[in-house]
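Contents: one structure, followed by commentary.
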There are 2 protein chains.
Amino acid sequence: MEMKKKATIVDVAKEAGVSVATVSRVVNGNYPVKPETRERVQSAINALQYVPNVQARELNTRHSSTIGVVVPGLYNMFFAEVIDGIEKSMRRQGYSLLLNCAQNDPELEMECINALVSRSVSGIIVISPNTEGLREEFYRRIVKRVPLVFINGYHRIPNVSYVANDEALGTRQALEYLTGLGHKHILFVRGENSDSYTVKERAYRAFMAEQGLFNEKDIVDIGEGNNIDTVTSARIKLMKVMPELAPTAVFCCNDLMATGAIRACKRLGLRVPQDVSVVGFDNITLSKLVDPQITTMDQNMFQLGSNAAAVLVEMIHGGQSKRITLENILITRESTGPCKTEA
Amino acid sequence: MEMKKKATIVDVAKEAGVSVATVSRVVNGNYPVKPETRERVQSAINALQYVPNVQARELNTRHSSTIGVVVPGLYNMFFAEVIDGIEKSMRRQGYSLLLNCAQNDPELEMECINALVSRSVSGIIVISPNTEGLREEFYRRIVKRVPLVFINGYHRIPNVSYVANDEALGTRQALEYLTGLGHKHILFVRGENSDSYTVKERAYRAFMAEQGLFNEKDIVDIGEGNNIDTVTSARIKLMKVMPELAPTAVFCCNDLMATGAIRACKRLGLRVPQDVSVVGFDNITLSKLVDPQITTMDQNMFQLGSNAAAVLVEMIHGGQSKRITLENILITRESTGPCKTEA
DNA sequence: CTGTTAGCGCCTTCAA
DNA sequence: TTGAAGGCGCTAACAG
């Protein structure tokens, strides 16, 4: 269908009988303009419904007011909530947000970022980045061109800012809570392709080793950890391994997996928490909607997002990179209880 | 911190010893270039890490490759899943996606759209728009400047495209299913501020009236229907009205509300589905993760999104506006069963 | 096949 | 206080 051709600054200038420079001045309000000419320009603007062309402006000021956000996907509410935090605080500052879903595919993640760079966004936030291997070199290069903030990224790269929960500490706290309940055999459930899992696994290994409770077999990887099938794949995997392993508790790297764990228990005829305790991570809204409600480490996603936004804006204005670490809080709900054999 | 100045097409041309036109040609691959010069240009590009400036390109081709998406919020997974559908198919076509959350606030919704227009996005998709009252005039004006697609929008505006599920039909089907199970007293649970609810309510009224089963009191509005508190507010509201109304079934306008309904039943000591049946709408992943799993009308959010994307692209290329209606499928799960008094 | 050149719409010195 | 003019980085005729 026919679109009305948009009026340009030239049209407005002609209409008002002034130069384009003058129009530019009243639009941006950055230089003095005589009140009456200003008024003349204003009415020309209204008459033509003139809307400045952002591309042109940004082309010649060489900076854009949009930022890029890259997430693995939207299926895990974790990301949706973080984005919400970013969006709300960015909007307040006048930035718009270009969203890219990398589908947990490292290749695609890089593509997305390249696309963002070529759109000359003025900054990029990557949630749960994939920074292993080659990617490090890639990010080192990117950060030379545009400010970068990682949310829950662990691989340190110079000049990148980090906003994260202390997931290692959070893991330890959860584990301490579980051992405090008398549990000695605790499964560790993780996914693939995210530094978060690795950090948590490391914390798990350390803690369990300290307690003399570590067993390699207790670490189970369910594959993709953030998509529409995660709950199911966690359930299936756990139904396979739990009968043999017979743990009294299960620590899951996120609430989706925890949900799967609970379903696995139900199908296996195990009661939660009487027969086995389950703890999750994130505290997405889902975690209090399933039955039993999940005991989980809260990541306060909204704060994660708004902090990242704040740091990014600082960097855009020339600030140094920095690291912000938030602390997790354990939300005790119904999925955990004292170890049976102790009771 | 210092950002490395980006190489421009001129730098590449100089480096490769060719003209900018040639560089442009190899970058865009739209005109023949001798293989060896192409190669020379390529290596110059790599050497300088040249990334084309999208703003500049779009400025002179006069069309942008980004589209805008406006949603009420991300807390209801419904929106996240629709966005996923949009994103995936838009990416394939080379478009990026500017995301705005209007927080179910009609004013903010208009602001978002204005911002999008001034960024000269080449099209806008609005999910569950708020089109009552003044807003109609607003949208009529917008659609003169940029192609517009509404997902699940019901207020007809000329030249706007619509992609929707037949929510009225879906409602009727769900209701027929319930009456088929012997239910005669069915509550209708809705939220505020969205045309979807109104459409469903109309279908409910019509159907129940036909059956001689309608009662004004059976319509309950729980307020905001898509945010983080929806489950809770639905639960609270229903715990208040259910004891008096004593329905044998509850129809909810979305799965969040259905989840709230189930929780309300539990707290009231009513078993689902033995004492009361609950049906939801949308079929978000949550609906099969709660206990009991929710019987719900599937909206196939992914298709909603990808269809909207397809239509928008058509319109961008000059196509006429159109309406696409998808049909819902009832997903029967555990939250519904035969009416007790019939059994 | 390749180079030259004229803009795209806007901002910003520099003069007036 | 205002206007003229030179780009920003790139594409697309138009010549060669």
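Where B:Y31 and B:A56 meet DNA chain D, the nucleotide closest to each residue was compared, and B:A56 sits on the side nearer the 5' end.
Atom CD in B:Q55 sits about 23 Å away from atom P in C:dG7, given to the nearest Å. Between the CD atom of A:E39 and the P atom of D:dT2 there is a distance of 13 Å, given to the nearest Å. Rounded to a whole Å, the CG atom of B:N28 is 17 Å from the P atom of D:dG9. The nearest whole Å value for the distance from the CG atom in A:N53 to the C1' atom in C:dC8 is 8 Å. Taking atom CG on A:N60 and atom P on D:dG6, their separation rounds to 15 Å, with Å as the unit. Going from atom CG of A:D11 over to atom P of C:dC8 covers 11 Å, rounded to whole Å. Following rounding to the nearest Å, A:L48 (CG) and C:dG9 (P) show an atom-to-atom distance of 14 Å. Rounding to whole angstrom units, CD1 of residue B:I9 and P of D:dT11 are separated by 5 Å.
Close placement of the A:Y139 and A:F150 rings is indicated, their centers lying within 6.0 Å of each other.
Within the nucleic acid shown, B:V27 has no heavy atom closer than 4.0 Å to any nucleic acid atom.
Of the N and O atoms on the side chains of B:N28 and B:R57, at least one donor lies less than 3.5 Å from an acceptor on the other residue.
The nucleotide whose nearest atom lies closest to any side-chain atom of A:A21 is, among C:dG9, C:dC10, C:dT12, C:dT12. When distances are taken from the side chain of A:S24 to each of D:dT2, C:dG9, C:dC11, the shortest belongs to C:dC11. Minimum atom distance to the side chain of B:L59 is reached by C:dG9, of the listed D:dT1, C:dG9, D:dA5. Considering only the side chain of B:R25, C:dT2 comes nearest among C:dT2, C:dC8, C:dC10.
An OP1 or OP2 oxygen of C:dC10 is reached within less than 4.0 angstrom by a side-chain nitrogen or oxygen of A:Y50. Between B:N30 and D:dA12, a side-chain N or O to OP1/OP2 separation shorter than 4.0 Å is present. Considering only side-chain N and O atoms, B:T22 lies under 4.0 angstrom from the phosphate OP1 or OP2 of C:dG3. Contact annotation: A:T8 side-chain N/O to C:dC8 OP1/OP2 distance is not under 4.0 Å.
By the neighbour-count criterion of 12 heavy atoms within 6.0 Å, atom NZ of A:K88 is densely surrounded, having more than that number from other residues, nucleotides or ligands. Around CD of B:E39, the count of heavy atoms belonging to other residues, nucleotides or ligands within 6.0 Å does not exceed 12.
Residues A:S96 and B:L98 come closest through the heavy atom pair CB-CD1, 4.2 Å.
One cannot find a donor-acceptor pair under 3.5 Å joining the base of D:dG7 and the side-chain atoms of A:R62.
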